[in-house]
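Side chains included, hydrogens not; waters and symmetry mates left out as well; all remaining heavy atoms used. If you read the sequence from its start, that first residue is 1, and numbering goes on from there.
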Amino acid sequence: MNEQFSITVENVWKKLGVNQALADVSLNFDAAKMHGVIGPEGAGKTTLMRTLLGLLKPNKGELKYFRNGTPIAFERLRGDIAYMPQQQSLYPDLSVDEHLDFFRALYQLSPQQYRTQREELLEITRLTPFIKRPAGKLSGGMYKKLGLMCALLRSPDIILLDEPTNGVDPISRREFWDLLYRLLDKKILILVTTAYMDEAERCSHVHLIEAGCVLAEGEPRELLASRKVRSFDELFLKHGAANHVS
């Protein structure tokens, strides 16, 4: 059974140049759930992800990581985190199979661990018929799946996905989410950022941010009901209208 990891963000501020990317952000990412960080372009989603990964240091505030409810230093769980950036850098001339073999060597996986993970990932992504196809000749949806496979090859306990369905056709988006649900069955912590408001309702828990600030968080349906709106598009529009009036 996988260990249970959770993350708490406490009053984090981060400035990038003249831009206040994160402004007093406090969030709780509970273990074994699919968390959606929802917001328009420029909301601070990518900055938040990079801060969680230790790639950026907050100007103020604190990040806390927990394993089975016990605090743990970030350095001790770094190897348990998989990250899929918004702009992936796969090698266009390498095939699906060659990518998997490259990351096997990078992660120093044992032959048995590699065989098990490879077979499982090819099955759930349905990329087995395309293992000899170069990444540069994959469709957008298949390219995203390959990127996720490379990130998942070492069996992480935390997955951070930065706008994984951006620019992908609706059918591939739905397939990608189906894939994430299968991963959630393993009780791992999954964080997904997206600007697609309809994807918010696919998450276990959502965290709405705009202009670096937290607007709201909670279980999707409960949050919509409490705000008396029918969709997350409407919620963001209602918030914008309220700010404009004030």
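Paired with L191 under the rule side-chain contact (heavy atoms from CB on, under 4.5 Å), one option of L161, D162, L52 passes, and it is L52. The side-chain hydrogen bond (donor to acceptor under 3.5 Å, both in side chains) test with T116 is passed by exactly one of E120, E119, Q112: Q112.
D178 has its side chain within reach of R174: a pair of non-hydrogen atoms, C-beta onward, lies under 4.5 Å apart. Using a 4.5 Å heavy-atom threshold, the side chains of M84 and L152 count as separate. Side-chain contact between W13 and L22 is absent, with no heavy-atom pair separated by less than 4.5 Å. The shortest side-chain heavy-atom distance between F103 and L109 does not fall under the 4.5 Å cut-off. Side-chain contact check for L77 versus F5: some heavy-atom pair is nearer than 4.5 Å. Between R118 and I131 there is a side-chain heavy-atom pair separated by less than 4.5 Å. Counting heavy atoms from C-beta outward, E210 and P40 have side chains that approach closer than 4.5 Å.
L153 and F130 fall within the same hydrophobic cluster, defined by Ile, Leu, Val, Met, Phe, Trp and Tyr side-chain heavy atoms under 4.5 Å apart, directly or through other members. Connection of L235 to L27 is not established within any shared hydrophobic cluster, with ILVMFWY side chains joined at heavy-atom distances below 4.5 Å, either directly or through further cluster members. By the rule that hydrophobic residues join a cluster once side-chain heavy atoms approach within less than 4.5 Å of another member, L121 and M142 end up as members of one cluster. By the criterion of side-chain heavy atoms lying less than 4.5 angstrom apart, applied directly or through intervening Ile, Leu, Val, Met, Phe, Trp or Tyr residues, L148 is grouped together with F102 in one hydrophobic cluster.
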(Q) The test is side chain to side chain contact (heavy atoms under 4.5 Å, CB included); show your working for V192 and E199 and say whether it passes. (A) CA-CA 10 Å; V192 183; E199 291 187 337; 5.5 Å; no
(Q) side chain to side chain contact (heavy atoms under 4.5 Å, CB included) for L138 and V96? Distances and angles first, verdict last. (A) CA-CA 9 Å; L138 295 173; V96 171; 4.1 Å; yes
Q: Quick one: do L208 and L223 satisfy side chain to side chain contact (heavy atoms under 4.5 Å, CB included)? Show the steps, please.
A: CA-CA 10 Å; L208 312 185; L223 186 54; 4.1 Å; yes
Q | Residue pair F29, H207: steps toward the side chain to side chain contact (heavy atoms under 4.5 Å, CB included) verdict | A | CA-CA 9 Å; F29 298 112; H207 314 266; 3.5 Å; yes
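Between R173 and D198, the shortest heavy-atom contact is NH2-OD2, 2.9 Å. When every heavy atom of M34 is checked against every heavy atom of L180, the shortest pair comes out as CE-CB, 3.6 Å. Taking every heavy atom of both residues into account, T125 and K145 meet most closely at O-NZ, 3.4 Å. Looking at every heavy atom in both residues, I38 comes nearest to K45 through C-CD, 4.3 Å. Residues P220 and C203 share a closest heavy-atom pair of CG-O, 3.3 Å. Nearest heavy atom pair, residue K14 against residue L56, reads CE-CB, 4.3 Å.
Applying the 6.0 Å contact sphere to CZ of R202 captures more than 12 heavy atoms from other residues, nucleotides or ligands. Heavy-atom contacts from other residues, nucleotides or ligands closer than 6.0 Å to OH of Y91 number 12 or fewer. In R126, the CZ atom is not crowded: 12 or fewer heavy atoms of neighbouring residues, nucleotides or ligands sit closer than 6.0 Å.
Separating the CD atom in E10 from the CG atom in N28 is a distance of 8.0 Å, to the nearest 0.5 Å. Rounded to the nearest 0.5 angstrom, Y107 OH and Q117 CD are separated by 11.0 Å. Remark: D97 CG to L127 CG distance equals 11.0 Å, nearest 0.5 Å. Taken from CZ in R104 to OG in S110, the straight-line distance is 10.0 Å, to the nearest 0.5 Å. Rounding to the nearest 0.5 Å places NZ of K132 at 15.0 Å from NZ of K137. One finds the CG atom of L189 at 11.5 Å from the CG atom of D80 (value rounded to the nearest 0.5 Å).
Using bins of under 30°, 30° to 60° and over 60° for the plane-to-plane angle, the ring pair W177/Y181 lands in the tilted bin.
Judged by distance alone, with hydrogens and angles left aside, the side-chain atoms of Q20 form no donor-acceptor pair with the main-chain N or O of A23 at under 3.5 Å. Judged by distance alone, with hydrogens and angles left aside, the side-chain atoms of N59 form a donor-acceptor pair with the main-chain N or O of K15 at under 3.5 Å.
Taking 4.0 Å as the cut-off between side-chain N and carboxylate O, D185 and R182 do not count as a salt-bridged pair.
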